[in-house]
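First up is the structure itself, then whatever we jot down about it.
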Amino acid sequence: MGAFDSPVLHTPRLRLRPLREGDEAALLAIFGDARVMRYWSTPPWQGLEQARALVANDAAAMAAGEALRLGLEPADGGAIVGTCTLFAFAASSRRAEMGYNLAFDAWGAGLMTEALEALLAHGFGALGLNRVEADIDPRNEASARLLGRLGFAREGLLRERWIVAGEKSDSALYGLLRADWQARRRG
Ligand SMILES: CC(C)(COP(=O)(O)OP(=O)(O)OC[C@H]1O[C@@H](n2cnc3c(N)ncnc32)[C@H](O)[C@@H]1OP(=O)(O)O)[C@@H](O)C(=O)NCCC(=O)NCCS
């Protein structure tokens with residue numbers, strides 16, 4: 001799984017594309033919102049510097065084939081409303097982890113379901129993955145429902161795996177196999 005070729009994925013309502021300079025304010029609106037970051041692996045961002053660092057780090061990680069993060073841009077234009085990522089690639093096992101977040105005002109409209117269907121199609125298709133994993137806080141009900149809609153199976157619970165701003169939290173581990181994905185598409 002070498003370097004990624006800056007993919008752009010299209011869905012009915014979204015254009016999924018790599019982050020770029022100019023996205024910083026929209027990123028801060030997402031990653032700086034305590035409601036969005038409630039179950040994230042870091043506290044909410046404090047300022048634009050963290051947004052600038054994400055854009056710069058993403059470009060390097062994508063060039064190195066280490067992570068693929070795409071911003072969710074409305075198909076009819078405007079600022080990005082979320083991000084979705086494949087990361088922690090294990091090349092010989094053809095496995096990666098998936099992460100995602102959506103601006104609070106965009107919740108409840110099916111946008112992330114739409115985005116992740118496209119990201120997973122790219123992962124199991126062009127990237128040749130065999131397994132995609134997600135690690136979520138078991139209290140994160142919206143995220144658990146999202147993974148369920150996409151066909152992920154809950155496979156286990158790791159206790160007190162994270163400590164974020166002094167708060168310990170568990171990880172519910174979810175997995176989706178290429179075979180699950182293909183069966184769902186046929187079904
Ligand atoms: C996880 C997260 C992306 C889920 O957002 P979401 O809005 O529930 O997910 P979707 O965009 O797929 O929308 C699905 C919801 O919209 C509804 N919906 C409306 N129109 C829809 C459509 N056309 N298609 C699918 N769902 C639709 C669904 O019923 C569903 O609501 P429900 O779960 O209450 O039944 C969001 O809660 C979030 O960003 N959380 C913070 C970040 C986070 O915790 N990430 C996970 C850790 S990696």
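Order of listing sets the numbers, starting from 1, for every ligand and every atom in it.
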Do other residues, nucleotides or ligands put more than 12 heavy atoms under 6.0 Å from the CD atom of Glu141?
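For Glu141, atom CD is not crowded (no more than 12 foreign heavy atoms under 6.0 Å).
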Is the CD atom of Glu155 crowded by more than 12 outside heavy atoms at less than 6.0 Å?
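Result for CD/Glu155: enclosed.
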Are any of the N or O atoms of [X] closer than 3.5 Å to those of ligand 1?
| X | result |
| --- | --- |
| Gly110 | yes |
| Tyr100 | yes |
| Gly108 | yes |
| Leu102 | yes |
| Asn101 | no |

How does [X] reach ligand 1, by side chain, by backbone, by both or by neither, if only non-hydrogen atoms under 4.0 Å count?
| X | answer |
| --- | --- |
| Trp40 | side chain |
| Ala109 | backbone |
| Asp137 | neither |
| Met112 | both |
| Leu146 | side chain |

Quick test: of every protein heavy atom, which one is nearest to [atom], and how far off is it to 0.1 Å?
| atom | value |
| --- | --- |
| atom 8 (O) of ligand 1 | Ala142 CB, 4.0 Å |
| atom 41 (C) of ligand 1 | Val36 O, 3.0 Å |
| atom 34 (O) of ligand 1 | Arg145 NH2, 3.4 Å |

Looking only at side chains, do Arg149 and Thr113 share a donor and an acceptor under 3.5 Å apart?
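Side chains of Arg149 and Thr113: pair found under 3.5 Å.
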Without hydrogens or angle criteria, can the side chains of Ser41 and Trp162 be said to hold a donor-acceptor pair below 3.5 Å?
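No pair is found: no donor N or O on one side chain lies under 3.5 Å from an acceptor on the other.
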Okay, side chain of Glu114, backbone of Met112: is any donor-acceptor separation there less than 3.5 Å?
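Pair absent, no side-chain N/O of Glu114 close to backbone of Met112.
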Under 3.5 Å donor-acceptor, Glu66 side chain and Met62 backbone
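Checked: no pair found.
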Salt-bridge criterion met for [X] and [Y] (N-O under 4.0 Å):
| X | Y | value |
| --- | --- | --- |
| Glu97 | Arg131 | no |
| Arg159 | Asp170 | no |
| Arg17 | Asp23 | yes |

Pair Arg13, Glu73 - check salt bridge (Lys or Arg N to Asp or Glu O under 4.0 Å), show working.
CA-CA 9 Å; Arg13 291 179 291 173; Glu73 184 180 272; over 6 Å; no
Tell me whether the NZ or CZ atom of Arg178 lies within the 45° cone about the ring axis of Phe124 and under 6.0 Å from its centre.
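No, Arg178 and Phe124 do not form such a contact.
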Determine, counting only non-hydrogen atoms of the protein, whether one lies under 4.0 angstrom from atom 11 (O) of ligand 1.
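True for atom 11 (O) of ligand 1.
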Heavy-atom contacts with Asn140 under 4.0 Å: which atoms of ligand 1 show up? List them by number with element.
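In order of number, 43 (C), 44 (O), 46 (C).
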Any non-hydrogen atom of Arg149 lying under 4.0 Å from ligand 1?
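Distance cut 4.0 Å: Arg149 passes for ligand 1.
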Shortest heavy-atom approach to atom 36 (C) of ligand 1 - which of Tyr39, Trp107, Phe104
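Nearest option to atom 36 (C) of ligand 1, by heavy atoms: Trp107.
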